[in-house]
Amino acid sequence: MEIQNGSSKSKIDDYQVIEQIGRGAFGTAFLVLHSTDNNKYVLKKIPLAKQTDKFKRTALQEMDLIAKLSHPYIVEYKDAWVEKGNWICIVTNYCEGGDMAKIIRKSRGALFPEEKLCKWLTQLLLAVDYLHSNRVLHRDVKLSNIFVTKDNDIRLGDFGFAKLLDGEGLASSVVGTPNYMCPELLADIPYGYKSDIWSLGCCMFEIAAHQAPFRAPDMTGLINKINRGSLSPLPIIYSSNLKQIIKSMLRKSPEHRPTTAELLRHQHLQPYLLCCRNPSSAFLPVKSPNSPKEKTKQSPGKSGSPRFIRDRPLRLKEKSPVFHFDGSDKSLGLKEKGPVFHFDERDDIRPRNLSDNYDTFKAKLDTKRVDPTSYSAKIFVDGVDSKCWDDREAAICNGGDQFDPLLQEGSTNTPNSSRFMANTHSEEQEKFSVEHVQQSEEGDGENDKTKDLEELSTPSGSGEADLNELDCISAKPSTMISPSGSSTEKTRSYDEESTSSTTRPAKSDTDAELRCHASESENVGEFKEVSVDRIASERNRSSPLKDEIEKNANMVEHAKRQALDDRVSLLKALAALAGDGHKNDWENPTQERAEALESLLEVCARLLKQEKIDELAGVLKPFGDDAVSSRETAIWLTKSLMSAQKLAKGS
Ligand SMILES: Nc1ncnc2c1ncn2[C@@H]1O[C@H](COP(=O)(O)OP(=O)(O)OP(=O)(O)O)[C@@H](O)[C@H]1O
């Protein structure tokens with residue numbers, strides 16, 4: 001890296017400061033104009049004078065790292081130097097949309113459309129996957145480090161804490177933003193790739209819900225909530241698939257969180273992946289030699305599951321400067337000094353056999369015309385820019401039949417485009433807000449269609465209980481403070497809305513419960529994607545589709561009954577264990593207690609089998625005080641059951 005010592009013309013003279021755009025923990029950020037290319041950049045000036053050697057090393061490490069990285073969804077580095085020995089200057093591309101925290105603030109509670117969320121999520125996953133593939137941890141993924149371009153694309157930035165990993169893939173220093181602290185970090189377990197997944201999950205949750213996933217009145221409460229994994233529900237407007245993806249990233253145990261690659265292979269993200277710049281073929285389904293027709297006949301998730309290949313590693317830039325602070329030869333402690341490669345944007349790395357499919361798809365998107373007055377065009381007019389909801393996204397939103405059938409193969413429930421479309425007619429409604437959801441929940445002509453779609457999107461009838469139902473009716477404190485300490489007023493937030501929509505008398509109890517299942521189900525992967533209109537018309541006559549609907553409805557019924565049974569067992573167990581009034585009514589309290597414990601353990605075992613770790617933690621939590629882990633609670637439960645059974649036999 002160049003050291004500017006003051007005698008010669010400084011590089012900084014090439015930049016004209018337009019304005020100061022912010023101040024981070026380490027320095028100040030300026031919006032600047034380059035005198036030659038006339039482009040806007042962000043110049044970050046980090047003072048060094050009073051800093052420790054460790055700090056200097058970290059700052060230089062950031063420079064070194066950002067200079068090496070080259071990826072379509074990572075903030076592009078332009079230049080870096082040490083200015084007169086006093087400042088580190090880093091110049092990066094300017095992202096006109098600002099950071100995600102700002103974008104959420106600007107939206108003033110209007111939720112983003114599902115398609116936008118999926119696009120952002122896909123791009124973020126590609127960026128993080130690139131880092132992870134190159135053994136780089138970001139370690140500070142947060143809203144203010146996620147930027148948006150004028151085209152509404154993502155750029156992940158700020159690598160101040162990023163660190164190249166050692167061989168084991170773990171870095172042990174505790175860094176990061178308190179609100180996004182993952183459970184393993186709170187437990188002093190080394191930070192790894194899955195910790196970045198957690199932070200990304202927190203970001204995605206907040207982008208979707210406009211509030212942090214874990215909120216509590218104080219820090220202890222917050223830590224407890226993170227440790228328990230007790231998440232608030234996500235807004236009901238989003239598809240079960242999307243909600244499940246986000247929730248999977250927030251699983252308490254890092255091993256249970258998916259990797260970036262696994263997430264990118266999720267069928268729900270495939271259409272968005274195809275729209276991304278240079279999607280790695282590693283994440284795209286490989287088209288079989290079968291004809292599209294044959295292909296669509298295969299049942300999703302089984303023999304017809306898309307196969308994936310990982311044919312090419314992602315690459316760092318071929319040439320990157322190695323920075324030194326004081327002109328010495330000493331390397332800056334970056335472990336990876338081996339050959340690095342450029343991620344070439346011109347590379348077409350789509351698998352050859354996907355190309356025609358991709359081109360057909362793209363052609364369809366390009367020719368798709370969108371009604372500019374519809375929500376699909378105007379849904380977020382006050383967002384980053386008016387064009388952010390572009391034709392391409394709109395085409396995705398407009399639903400199944402806009403797609404190449406191959407792309408739908410095996411796809412699960414659609415993004416809730418029906419909800420968006422259901423609200424397109426009102427002139428004064430420019431945003432898709434909570435009120436719209438409420439309105440459609442209460443039922444109008446369109447709402448029935450929405451309900452139909454939800455019914456199709458409910459669990460596949462595995463008969464497994466979904467204890468999230470309990471979440472849906474949980475009470476919320478009136479004031480919460482965010483982990484950062486700022487208190488937020490009680491507003492008509494999304495989850496209060498969703499709570500009220502599930503607790504107030506719905507059209508029928510079944511409706512309310514269906515919504516609960518539809519929004520929280522894990523087993524959405526087995527459902528076929530069917531357009532709302534088709535459902536409506538097919539419902540009235542006998543057809544395979546109608547059979548499918550009925551089958552699904554039966555399965556939903558079954559799952560619902562199972563959930564109710566489990567709820568009853570759980571409540572009974574809770575009552576018995578808490579030793580409340582019911583206890584005295586029972587003839588043999590010890591026997592009852594043993595039975596209660598047994599049924600509770602059965603519920604736990606089922607959740608464990610389904611890998612519903614978050615729910616399991618939720619069930620186990622009430623039985624221990626705050627300091628006791630779920631594991632200890634489970635041991636305590638088992639021991640209690642054994643001794644209760646012994647006593648019961650003896651009496
Ligand atoms: N490339 C960029 N494009 C647009 N805005 C940027 C860019 N880089 C930084 N900013 C903005 O500049 C401000 C300061 O950013 P900076 O990265 O210095 O600190 P921070 O991320 O807010 O905090 P910290 O460094 O403590 O994490 C933020 O408001 C951020 O949104």
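Start at 1 and go down the list; that is how both ligands and their atoms are numbered.
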Inset, instruction - For His256, check ring-ring contact (aromatic ring centres under 6.0 Å, His included) against everything at least two apart and list the hits. - result: none
Inset, instruction - Give the contacting part of Lys102 toward ligand 1: side chain, backbone, both or neither, where contact means a heavy-atom distance below 4.0 Å. - result: neither
Inset, instruction - Please state which part of Ile21 comes within less than 4.0 Å of ligand 1, counting heavy atoms only: side chain, backbone, both or neither. - result: both
Legend entry - N-O pairing of Lys142 and Asp140 below 4.0 Å: yes
Legend entry - Any Arg155 heavy atom less than 4.0 Å to ligand 1: no
Legend entry - Residue-ligand contact Leu31/ligand 1, heavy atom below 4.0 Å: no
Inset, instruction - Report the member of Val148, Asn145, Asp140 with the shortest heavy-atom distance to atom 21 (O) of ligand 1. - result: Asn145
Inset, instruction - Specify whether His266 and His268 have parallel, tilted or perpendicular ring planes, treating 30° as the upper limit for parallel and 60° as the lower limit for perpendicular. - result: perpendicular
Legend entry - Sub-4.0 Å atoms of ligand 1 with respect to non-hydrogen atoms of Asn93: 1 (N), 2 (C)
Inset, instruction - Please say which of Tyr193, Phe205, Phe214 ends up in a ring-ring contact (aromatic ring centres under 6.0 Å, His included) with Trp198. - result: Phe214
Legend entry - Where ligand 1 meets Ala29 - atom numbers and elements under 4.0 angstrom, heavy-atom basis: 12 (O), 14 (C)
Inset, instruction - Please indicate whether any nitrogen or oxygen in Cys95 is less than 3.5 Å from any nitrogen or oxygen in ligand 1. - result: yes
Inset, instruction - Using a strict cut-off of 4.0 Å, indicate which atoms of ligand 1 neighbour a heavy atom of Thr92. - result: 1 (N)
Legend entry - Proximal atoms of ligand 1 relative to Asp99 (non-hydrogen, under 4.0 Å): 28 (C), 29 (O), 30 (C), 31 (O)
Legend entry - Tyr94 neighbourhood, listing ligand 1 atoms whose heavy-atom distance to it stays under 4.0 Å: 3 (N), 4 (C)
Legend entry - Atom of Lys11, atom of Tyr15 and distance for their closest heavy-atom approach: O-CD1, 3.5 Å
Inset, instruction - Show your working on side chain to side chain donor-acceptor pair (under 3.5 Å) between Gln20 and Thr28 and close with a plain yes or no. - result: CA-CA 7 Å; Gln20 180 178 324; Thr28 315; 5.0 Å; no
Inset, instruction - Can you sort out which atoms of ligand 1 are near Lys142, meaning under 4.0 Å from one of its heavy atoms? - result: 24 (P), 27 (O)
Inset, instruction - Could you pull out the closest heavy-atom pair between Gly157 and His138, with the gap in Å? - result: O-NE2, 2.8 Å
Legend entry - Ionic contact status for Lys78 with Asp37, cut-off 4.0 Å: yes
